[in-house]
There are 2 protein chains.
Amino acid sequence: MSVAFTSTQSAPDRTRAALGSIGSVSLFDRNNTIFAEGDEAEHVYKVVSGGVRLCKMLQDGRRQIVEFALPGDYFGIDWLERHALTAEAMVDTTTVCYGRGRLTRLGDENRDVRAEIFSTLRHDLWAAQNHLVILGRQSARERVAAFLLQLLERRREGAKNKLDLPMTRQDIADYLGLTIETVCRVLTALKREGVIDIPDRHSLTVRNAEALEDACTAED
Amino acid sequence: MSVAFTSTQSAPDRTRAALGSIGSVSLFDRNNTIFAEGDEAEHVYKVVSGGVRLCKMLQDGRRQIVEFALPGDYFGIDWLERHALTAEAMVDTTTVCYGRGRLTRLGDENRDVRAEIFSTLRHDLWAAQNHLVILGRQSARERVAAFLLQLLERRREGAKNKLDLPMTRQDIADYLGLTIETVCRVLTALKREGVIDIPDRHSLTVRNAEALEDACTAED
DNA sequence: CGCACTATTGACAGCATTCAACATCAGTGG
DNA sequence: CCACTGATGTTGAATGCTGTCAATAGTGCG
């Protein structure tokens, strides 16, 4: 134990050591709700494997997915006493779960933990702001292209252009502010053009990343 | 000076005292750029009077306004070494300006300042997430209604239903992901219906807040 | 007064949605 | 192992909301 905070460790190491001591593993089945909008915010999570959708609902059933949490991502930090989002497992998912109170206390004592929390929040804000541009100012084709590029940049492992899609078409549509039909049509078009390949509904191969980047902002 | 941190002060008071010591006043003329996306993030600002638009641009000129900073709001905290947004004064604007380095150091020492920064970031994230729902899932009418209600809730002073609009119609359009023409048409429609009144282009009176709230989610 | 900028209104077009039919997939039980 | 079934995905046709283009009106400042 006395080795935990020696100067031989880097900041990320010290953060992991500090957080490891208070985290516990939680499992969630596909389509289970992890927490709902309005629930008391008691925990912060980190995805180990699987995938989680973070969304907001309107009374009439319309849904906007704010973010997908994939392996390595934290979620649930948007705390304001109560969660502002609903979190649902898109597939069977493993998470590490931290008590809010303990995390807060740890953050007060440990500068590295504080920096980690702060950095997560900053990243989420950055992501939300980029997402705003997509929803406010881009066409269906641009949205889908941007989404695929995001996944490409975020992927942790595996073949370089092979993407895993834990989310359904409906999830993608609700993330991009489109209908499921429009998402399908754009994917089909990209496939016809040889930009992507769709082996099955939960995976996708990018054949021409450059063409995707072009599709992301212009298209003539 | 010794009185600055006695227990007779509340946390907000202590925060103000600590921040007051490192803030300086800055003035910006209408349409001046305060900082641009990609600039080194050296300062954090707080609006005293006027109004600032925070936006992102696409190469082809499309623009998405992420947030309006009105009196009392902080902006520029989204720092990641470099600003992710462009900040422009919509009207002649007065701000208090804090050096990033000094603010960071102050935050390390002072728990209240830290909480204030954290809280600002959390608020920005919360606002961006609500904005996502508007851009992703709401109609033109719903967007405009939601925007007006936001302003109504944020207004600091003045007659209860009288709104100040420091932004142009184009700014509103770029905030809501619409065109200027659509914003105009919706405003005209709301006026015809007696929901609002438009004395001049930079002010607006809400005659029927309940109707606005209805227009915000449904419409039948 | 005149000019540039901003806002409003109308006519028309286009992209994404809606509605509908069909195909494919995954899980279950025979 | 295969048939059955509900969920998910794909494709087509038609509608409609919002965007585009264009003309006009209003505003503010030199």
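Note on naming: letters A, B, ... go to the chains in the order of the sequence lines (proteins, then strands), and numbering restarts at 1 for each one.
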Item to check | Met90(A) vs Asn31(A) side-chain heavy atoms within contact, under 4.5 Å | outcome: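 When only atoms from C-beta onward are counted, Asn31(A) and Met90(A) do not touch, as no gap falls below 4.5 Å.
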Item to check | Heavy-atom side-chain proximity of Leu54(A) to Thr86(A) below 4.5 angstrom | outcome: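 Not touching, per the 4.5 Å side-chain cut-off.
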Checklist entry - Who are the side-chain contact (heavy atoms from CB on, under 4.5 Å) partners of Ser119(A), not counting sequence neighbours? => result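 side-chain contact (heavy atoms from CB on, under 4.5 Å) list for Ser119(A), sorted by chain: Arg122(A).
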[X] [atom1] - [N] [atom2] separation (whole Å):
X: Asp29(A); N: dA26(C); atom1: CG; atom2: P; answer: 18 Å
X: Leu204(A); N: dG9(D); atom1: CG; atom2: P; answer: 13 Å
X: Arg30(A); N: dG27(C); atom1: CZ; atom2: P; answer: 8 Å
X: Ile198(A); N: dT24(C); atom1: CD1; atom2: P; answer: 14 Å
X: Gln170(A); N: dT24(C); atom1: CD; atom2: P; answer: 21 Å
X: Arg143(A); N: dA16(C); atom1: CZ; atom2: P; answer: 8 Å
X: His202(A); N: dG27(C); atom1: NE2; atom2: C1'; answer: 13 Å
X: Leu187(A); N: dA16(C); atom1: CG; atom2: P; answer: 14 Å

Checklist entry - Using the C1' atoms of five pairs at each end, what's the angle between the two axes of the helix from dC1(C)-dG30(D) to dG30(C)-dC1(D), to 10 degrees? => result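 Between the first-five-pair axis and the last-five-pair axis there is 40°.
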Checklist outcome for this item: Protein heavy-atom contacts under 4.0 Å, written 5' to 3' over nucleotides 11-27 of chain D as B (base), S (sugar-phosphate only) or - (none), form the string BBB----SSBB----BS
Checklist entry - Taking all atoms of both residues into account, what is the closest heavy-atom pair of Met57(B) and Arg63(B), and its distance? => result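 That closest heavy-atom pairing would be SD-CG, 3.4 Å.
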Next on the checklist: Distance alone, cut at 3.5 Å: any donor-acceptor contact between the side chains of Tyr175(A) and Gln64(A)?
Outcome noted: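 There is no such pair between these side chains.
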Item to check | Aromatic plane relationship, Tyr45(A) with Phe28(A) - under 30° parallel, 30 to 60° tilted, over 60° perpendicular | outcome: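 Geometry flag for Tyr45(A) against Phe28(A): perpendicular rings.
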Looking at [Y] and [X], is there a salt bridge between them, counting it only when a charged N and a carboxylate O are closer than 4.0 Å?
X: Asp174(B); Y: Arg62(B); result: no
X: Glu42(A); Y: Arg82(A); result: no
X: Arg154(A); Y: Glu67(A); result: yes

